[in-house]
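Below is one structure, written out as structure tokens; comments come after it.
Every chain is numbered from 1, with letters handed out A, B, ... down the list of sequences. If you're wondering where the values come from, they're calculated on a predicted model, not measured in any experiment. Computation of the quantities below employed the complete heavy-atom set of this structure, encompassing side-chain atoms and omitting hydrogens, waters and symmetry-equivalent molecules.
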There are 2 protein chains.
Amino acid sequence: MPNKKIDHALEDILKCGFRKSALREMILASIASSDRPISAADIIGMLAKKGNACNKTTVYRELETLKKTGKIKEVFLRNDRALYELVGSHHHHIVCISCGDIRHIDVHEPAEWPCAGSIRKQGFKIIDHSLEFFGVCGQCR
Amino acid sequence: MPNKKIDHALEDILKCGFRKSALREMILASIASSDRPISAADIIGMLAKKGNACNKTTVYRELETLKKTGKIKEVFLRNDRALYELVGSHHHHIVCISCGDIRHIDVHEPAEWPCAGSIRKQGFKIIDHSLEFFGVCGQCR
DNA sequence: CATCATAATGCAACTAAGTTGCATCTGTCA
DNA sequence: TGACAGATGCAACTTAGTTGCATTATGATG
């Protein structure tokens, strides 16, 4: 199944001086196919299941490249492992503190947070923000 | 310097079936004395500087106890290490993606987030939330 | 289309955060 | 004050992530 979004991202990566490779495409596709942020271990597992065993070093380095080129972002939802998701529509998450399940949610946010002015006054340049809700999901209650 | 807040927390911990100990008090005091979330390694370093060398296992176990008894909370601001702060006034953070510096900020939030209703409708019980701003601090610009 | 610089990949060894089992010590309470 | 259970330290372990090095493959250029 061809994916325009992924193809476009790969072209863009090419312009940054990186190359196209089957593995790069598969790793990007894994992240794109998931409806929640996934870890390096998740990616290795997904590729292995499709018969594409892949070294963990390669995955970690690839995640670094995709991050540098702005294709994916790292999200901080638990400390034991890094999670990654496609950069795209801005959204937030609900995290179950019991089973660890993570889902996307849409939040109507103010165009400008009330605190943004005072943060800027400290000389801090805001690049991104996160808003996450922690609790117990329906399954775990 | 005696600290009422810490003494009260220790009394409360006692009621939970745990005991008072010099180390427990020092670890709690370390966290309380910092104006930003700190890591297990930070705590070990702070205690060592005061001449109170302490095993890392003890620190990790203590952090677990303090978390269970609701005295501290773990915050998710970077994946490479867990950070802890005192439970108390609800607040948020600004995180410098260049130097890693983390500071508290006060945010005027809505009493109820617009999305809270739809999250609850999914059967998810919200216990806590986080709102963090990532960017570049004045020092790093 | 052949060449070549450089990016991509894998492997093994390593680092560092955090965990576990076990022996010993100590605070609390009857 | 004696005993039980929690607190502590130590060593060994687990696991996410990193690094150095050798090999392979991509794509720009002539």
Check: When you measure from the side chain of Leu14(A), which nucleotide among dG9(D), dG27(D), dT28(C) comes out closest?
Finding: dG27(D)
Item checked: More than 12 heavy atoms from other groups under 6.0 Å of NE2 on His90(B) -> yes
[N], OP1 or OP2 - any side-chain N/O from [X] closer than 4.0 Å?
{"X": "Arg19(A)", "N": "dT6(C)", "value": "no"}
{"X": "Ser21(A)", "N": "dT9(C)", "value": "yes"}
{"X": "Asn55(B)", "N": "dC10(D)", "value": "yes"}
{"X": "Arg24(B)", "N": "dA7(D)", "value": "yes"}
{"X": "Tyr60(A)", "N": "dG17(D)", "value": "yes"}
{"X": "Thr58(A)", "N": "dG10(C)", "value": "yes"}

Margin query: Quick check on DNA chain D: between Ala40(A) and Gly17(B), whose nearest nucleotide comes earlier from the 5' end?
Written below: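 Here Gly17(B) is the residue nearer the 5' end.
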Margin query: Given 3.5 Å as the limit, does a donor-acceptor pair link the side chain of Asp42(A) with the main chain of Ser39(A), or not?
Written below: yes
Notebook entry, point to check: Would you say Arg141(B)'s side chain and Gly123(A)'s backbone share a donor-acceptor pair under 3.5 angstrom?
Noted result: yes
Check: With sugar-phosphate meaning primed atoms plus P, OP1 and OP2, does Lys20(B) contact a base, only sugar-phosphate, or nothing at under 4.0 Å between heavy atoms?
Finding: sugar-phosphate
Note to self: Please verify the inter-ring angle class for His129(A) with Trp113(A); under 30° counts as parallel, over 60° as perpendicular, anything in between as tilted.
What the structure shows: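 The arrangement is perpendicular - the two ring planes meet at more than 60°.
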